[in-house]
Amino acid sequence: MKATGIVRRIDELGRVVIPKEIRRTLRIREGDPLELFTDRDELMLKKYSPIASVERFAEGTAKSLSEQSGYLAAILDTDSVLSVGGAGKRALIGKTVTDKVTEIMTARSSYLANKAEGGEIVPIANDSDYAATAQIIVPIVAGGDCLGAVVLLSNEEGAVLEANAVKLARLTADIIANQFE
(Lines give C-alpha, C1' and ligand atoms only; values in the text may rest on other atoms or scores of the structure.)
Protein backbone atom coordinates (compact mmCIF):
# COMPACT_ATOMS: atom_id res chain seq x y z
CA MET A 1 0.00 0.00 0.00
CA LYS A 2 1.29 3.44 -0.93
CA ALA A 3 1.66 5.96 1.91
CA THR A 4 0.49 9.52 1.13
CA GLY A 5 1.36 11.30 4.38
CA ILE A 6 -2.15 12.82 4.42
CA VAL A 7 -4.15 12.54 7.65
CA ARG A 8 -7.89 13.24 7.88
CA ARG A 9 -10.22 13.16 10.90
CA ILE A 10 -13.65 11.56 10.95
CA ASP A 11 -16.47 14.04 11.62
CA GLU A 12 -19.43 13.48 13.97
CA LEU A 13 -21.40 11.78 11.18
CA GLY A 14 -18.60 9.30 10.41
CA ARG A 15 -17.48 11.03 7.21
CA VAL A 16 -13.94 11.37 5.90
CA VAL A 17 -12.88 13.70 3.08
CA ILE A 18 -10.76 12.06 0.40
CA PRO A 19 -8.20 14.68 -0.69
CA LYS A 20 -8.61 16.13 -4.18
CA GLU A 21 -5.14 14.95 -5.27
CA ILE A 22 -6.03 11.34 -4.47
CA ARG A 23 -9.46 11.61 -6.13
CA ARG A 24 -7.84 13.03 -9.25
CA THR A 25 -5.13 10.36 -9.34
CA LEU A 26 -7.65 7.53 -8.91
CA ARG A 27 -10.22 9.18 -11.20
CA ILE A 28 -12.86 9.25 -8.47
CA ARG A 29 -15.64 11.68 -9.31
CA GLU A 30 -18.60 12.94 -7.28
CA GLY A 31 -21.24 10.24 -7.10
CA ASP A 32 -18.86 7.35 -7.89
CA PRO A 33 -19.57 4.25 -5.79
CA LEU A 34 -16.79 2.98 -3.53
CA GLU A 35 -16.37 -0.45 -1.91
CA LEU A 36 -15.19 -0.68 1.69
CA PHE A 37 -12.89 -3.47 2.87
CA THR A 38 -11.30 -4.21 6.21
CA ASP A 39 -8.16 -6.18 6.96
CA ARG A 40 -7.37 -6.41 10.68
CA ASP A 41 -6.97 -2.76 11.66
CA GLU A 42 -6.97 -1.29 8.12
CA LEU A 43 -9.87 0.22 6.22
CA MET A 44 -9.55 0.18 2.44
CA LEU A 45 -11.60 1.98 -0.19
CA LYS A 46 -11.78 0.73 -3.75
CA LYS A 47 -13.58 2.28 -6.68
CA TYR A 48 -16.51 -0.02 -7.40
CA SER A 49 -16.81 -1.48 -10.89
CA PRO A 50 -19.87 -3.65 -11.51
CA ILE A 51 -18.36 -4.99 -14.75
CA ALA A 52 -15.29 -6.22 -12.87
CA SER A 53 -17.66 -8.49 -10.92
CA VAL A 54 -18.37 -10.38 -14.15
CA GLU A 55 -14.73 -10.41 -15.27
CA ARG A 56 -14.72 -14.07 -16.36
CA PHE A 57 -17.85 -13.41 -18.44
CA ALA A 58 -16.16 -10.34 -19.96
CA GLU A 59 -13.05 -12.36 -20.86
CA GLY A 60 -15.09 -14.97 -22.73
CA THR A 61 -17.20 -12.27 -24.34
CA ALA A 62 -14.15 -10.35 -25.63
CA LYS A 63 -12.64 -13.55 -27.03
CA SER A 64 -15.88 -14.59 -28.75
CA LEU A 65 -16.51 -11.09 -30.10
CA SER A 66 -13.02 -11.02 -31.59
CA GLU A 67 -13.45 -14.45 -33.18
CA GLN A 68 -16.85 -13.57 -34.66
CA SER A 69 -15.92 -10.10 -35.91
CA GLY A 70 -12.31 -10.68 -36.94
CA TYR A 71 -11.25 -7.55 -35.06
CA LEU A 72 -9.52 -6.82 -31.76
CA ALA A 73 -12.31 -6.68 -29.16
CA ALA A 74 -12.12 -5.02 -25.75
CA ILE A 75 -14.46 -4.72 -22.78
CA LEU A 76 -13.89 -1.58 -20.69
CA ASP A 77 -15.22 -0.38 -17.37
CA THR A 78 -15.30 3.37 -16.81
CA ASP A 79 -11.60 3.45 -15.85
CA SER A 80 -9.66 0.65 -17.49
CA VAL A 81 -9.50 -2.07 -20.13
CA LEU A 82 -10.80 -5.21 -18.39
CA SER A 83 -10.69 -7.85 -21.12
CA VAL A 84 -9.31 -8.05 -24.63
CA GLY A 85 -9.58 -10.70 -27.33
CA GLY A 86 -7.61 -10.93 -30.56
CA ALA A 87 -4.19 -10.05 -31.90
CA GLY A 88 -2.65 -7.05 -30.18
CA LYS A 89 -4.38 -7.50 -26.82
CA ARG A 90 -1.17 -6.96 -24.84
CA ALA A 91 -1.14 -3.34 -26.00
CA LEU A 92 -4.42 -2.64 -24.17
CA ILE A 93 -5.10 -5.07 -21.33
CA GLY A 94 -5.10 -3.50 -17.86
CA LYS A 95 -4.42 0.04 -19.08
CA THR A 96 -6.48 3.06 -18.10
CA VAL A 97 -8.90 4.48 -20.65
CA THR A 98 -8.24 7.89 -22.19
CA ASP A 99 -10.24 10.98 -21.29
CA LYS A 100 -11.75 10.99 -24.81
CA VAL A 101 -13.13 7.45 -24.31
CA THR A 102 -14.52 8.57 -20.94
CA GLU A 103 -16.29 11.45 -22.72
CA ILE A 104 -17.79 9.03 -25.27
CA MET A 105 -19.03 6.74 -22.49
CA THR A 106 -20.44 9.68 -20.52
CA ALA A 107 -22.35 10.84 -23.61
CA ARG A 108 -23.86 7.32 -23.86
CA SER A 109 -23.66 7.30 -27.65
CA SER A 110 -21.72 5.01 -29.97
CA TYR A 111 -18.63 6.27 -31.77
CA LEU A 112 -17.54 4.95 -35.19
CA ALA A 113 -14.42 6.10 -37.02
CA ASN A 114 -12.64 4.77 -40.08
CA LYS A 115 -9.31 6.43 -40.89
CA ALA A 116 -9.71 5.46 -44.55
CA GLU A 117 -12.84 7.63 -44.68
CA GLY A 118 -11.24 10.56 -42.82
CA GLY A 119 -12.58 9.67 -39.36
CA GLU A 120 -10.74 10.66 -36.18
CA ILE A 121 -9.36 7.59 -34.41
CA VAL A 122 -9.62 7.98 -30.64
CA PRO A 123 -6.87 6.35 -28.55
CA ILE A 124 -8.51 3.77 -26.28
CA ALA A 125 -5.93 3.41 -23.53
CA ASN A 126 -3.23 5.59 -22.03
CA ASP A 127 0.33 4.39 -22.66
CA SER A 128 -0.79 2.04 -25.44
CA ASP A 129 1.05 1.63 -28.72
CA TYR A 130 -1.89 0.04 -30.59
CA ALA A 131 -2.36 2.06 -33.80
CA ALA A 132 -5.99 1.56 -34.83
CA THR A 133 -7.19 2.46 -38.32
CA ALA A 134 -10.87 1.74 -37.65
CA GLN A 135 -12.91 1.58 -34.44
CA ILE A 136 -16.33 1.34 -32.87
CA ILE A 137 -16.97 2.27 -29.24
CA VAL A 138 -20.37 1.28 -27.81
CA PRO A 139 -21.18 2.29 -24.21
CA ILE A 140 -22.64 -0.34 -21.88
CA VAL A 141 -25.65 1.30 -20.23
CA ALA A 142 -27.71 -0.41 -17.52
CA GLY A 143 -30.35 1.29 -15.43
CA GLY A 144 -29.36 4.66 -16.88
CA ASP A 145 -25.75 4.31 -15.69
CA CYS A 146 -22.81 3.87 -18.04
CA LEU A 147 -20.82 0.88 -16.78
CA GLY A 148 -18.19 0.78 -19.51
CA ALA A 149 -17.94 0.09 -23.23
CA VAL A 150 -17.47 -2.54 -25.90
CA VAL A 151 -14.76 -1.67 -28.41
CA LEU A 152 -13.84 -3.17 -31.79
CA LEU A 153 -10.53 -2.13 -33.37
CA SER A 154 -8.66 -2.84 -36.58
CA ASN A 155 -5.09 -1.87 -37.38
CA GLU A 156 -5.16 -2.98 -41.03
CA GLU A 157 -4.41 -0.27 -43.57
CA GLY A 158 -7.62 0.94 -45.23
CA ALA A 159 -9.90 -0.99 -42.85
CA VAL A 160 -13.54 0.05 -42.67
CA LEU A 161 -15.83 -1.34 -39.97
CA GLU A 162 -19.01 -2.49 -41.66
CA ALA A 163 -22.59 -2.35 -40.36
CA ASN A 164 -22.45 -5.99 -39.21
CA ALA A 165 -19.50 -5.26 -36.91
CA VAL A 166 -21.36 -2.28 -35.45
CA LYS A 167 -24.45 -4.44 -34.81
CA LEU A 168 -22.30 -7.12 -33.19
CA ALA A 169 -20.69 -4.56 -30.84
CA ARG A 170 -24.11 -3.12 -29.92
CA LEU A 171 -25.52 -6.60 -29.30
CA THR A 172 -22.56 -7.42 -27.04
CA ALA A 173 -23.02 -4.17 -25.06
CA ASP A 174 -26.75 -4.99 -24.63
CA ILE A 175 -25.99 -8.53 -23.43
CA ILE A 176 -23.48 -7.26 -20.86
CA ALA A 177 -25.88 -4.52 -19.72
CA ASN A 178 -28.63 -7.13 -19.23
CA GLN A 179 -26.40 -8.90 -16.70
CA PHE A 180 -27.02 -5.94 -14.37
CA GLU A 181 -30.75 -5.38 -14.78
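- Using a distance-only test at 3.5 Å, with no hydrogens or angles considered, a donor-acceptor pair links the side chain of Thr25 to the main chain of Glu21.
- The distance from atom CZ of Arg170 to atom NZ of Lys167, rounded to the nearest 0.5 Å, is 9.5 Å.
- Note on Leu171: it clusters hydrophobically with Leu65, by side-chain heavy-atom contacts below 4.5 Å among ILVMFWY residues.
- How far CZ of Arg9 is from CG of Asp11: 12.5 Å, rounded to the nearest 0.5 Å.
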Pair Leu45, Ile28 - check side chain to side chain contact (heavy atoms under 4.5 Å, CB included), show working. CA-CA 11 Å; Leu45 296 171; Ile28 297 172; over 6 Å; no
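- Going from atom CD of Gln179 over to atom CG of Leu147 covers 11.5 Å, rounded to the nearest 0.5 Å.
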Verdict with reasoning, Val151 to Leu76, per side chain to side chain contact (heavy atoms under 4.5 Å, CB included): CA-CA 8 Å; Val151 177; Leu76 319 176; 3.7 Å; yes
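- Within the 4.5 Å cutoff, the side chain of Phe57 has no heavy atoms near those of the Ile75 side chain.
- For the pair Leu26 and Ile18, the minimum side-chain heavy-atom distance is 4.5 Å or more.
- Shortest non-hydrogen contact noted between Ala125 and Val81 is CB-CG2, 4.1 Å.
- Considering OG1 of Thr78 and CG of Asp145, their distance stands at 10.0 Å, rounded to 0.5 Å.
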Can you list, pair by pair, the side-chain donor-acceptor contacts under 3.5 Å of residues 93-104, counting residues two or more places apart and other chains?
| residue | atom | partner | partner atom | Å |
| --- | --- | --- | --- | --- |
| Lys95 | NZ | Asp127 | O | 2.7 |
| Thr96 | OG1 | Asn126 | ND2 | 3.0 |
| Thr98 | OG1 | Val101 | N | 3.3 |
| Thr98 | OG1 | Pro123 | O | 2.7 |
| Thr102 | OG1 | Arg27 | NH2 | 2.7 |
| Thr102 | OG1 | Thr98 | O | 3.2 |

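- Met44 and Val17 sit in two unconnected hydrophobic clusters of ILVMFWY residues. Membership requires side-chain heavy atoms under 4.5 Å apart, directly or through other members.
- Using a 4.5 Å cut-off on side-chain heavy atoms (C-beta onward), Leu152 and Thr172 make no contact.
- Scanning all heavy atoms of the two residues, the minimum distance from Gly86 to Ser66 falls at CA-OG, 3.2 Å.
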Name every donor-acceptor pair, under 3.5 Å, that has one atom in a side chain of residues 113-121 and the other anywhere in the protein, sequence neighbours excluded.
| residue | atom | partner | partner atom | Å |
| --- | --- | --- | --- | --- |
| Asn114 | OD1 | Leu161 | N | 2.9 |
| Asn114 | ND2 | Glu117 | OE1 | 3.3 |

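- Residue Glu157 qualifies as open at atom CD: its count of foreign heavy atoms under 6.0 Å is 12 or below.
- Going from atom CG of Asn164 over to atom CG of Leu168 covers 8.5 Å, rounded to the nearest 0.5 Å.
- In plain terms, the two heavy atoms of Ala91 and Ser128 that are nearest each other are O-OG, 2.7 Å.
- No chain of hydrophobic side-chain contacts below 4.5 Å, direct or via other Ile, Leu, Val, Met, Phe, Trp or Tyr residues, connects Val160 to Leu112.
- Side chain of Ser110 to main chain of Val138: no donor-acceptor pair is present (N/O by atom type, distance under 3.5 Å, no hydrogens or angles).
- Between Ile176 and Val150 the shortest side-chain heavy-atom distance falls below 4.5 Å.
- Contact of the Gln135 side chain with the Tyr111 side chain is registered, since non-hydrogen atoms from C-beta on lie closer than 4.5 Å.
- Taking both residues in full, the closest heavy atoms of Arg108 and Cys146 are given as NH2-N, 3.4 Å, listed atom of the first, atom of the second, then distance.
- Within 6.0 Å of CG on Leu36 lie more than 12 heavy atoms contributed by other residues, nucleotides or ligands.
- Under the 4.5 Å side-chain criterion, counting only non-hydrogen atoms from C-beta, Ile124 is not in contact with Tyr130.
- The minimum heavy-atom distance between Ser154 and Ala159, with the atom names listed, is OG-CB, 3.3 Å.
- Summarising the geometry of Leu72 relative to Gly88, their closest heavy-atom pair is CD1-C, 4.0 Å, with the distance given to 0.1 Å.
- Distance check: Ile137 CD1 to Ser109 OG gives 10.0 Å after rounding to the nearest 0.5 Å.
- Environment of CD in Glu156: sparse, with no more than 12 heavy atoms of neighbouring residues, nucleotides or ligands closer than 6.0 Å.
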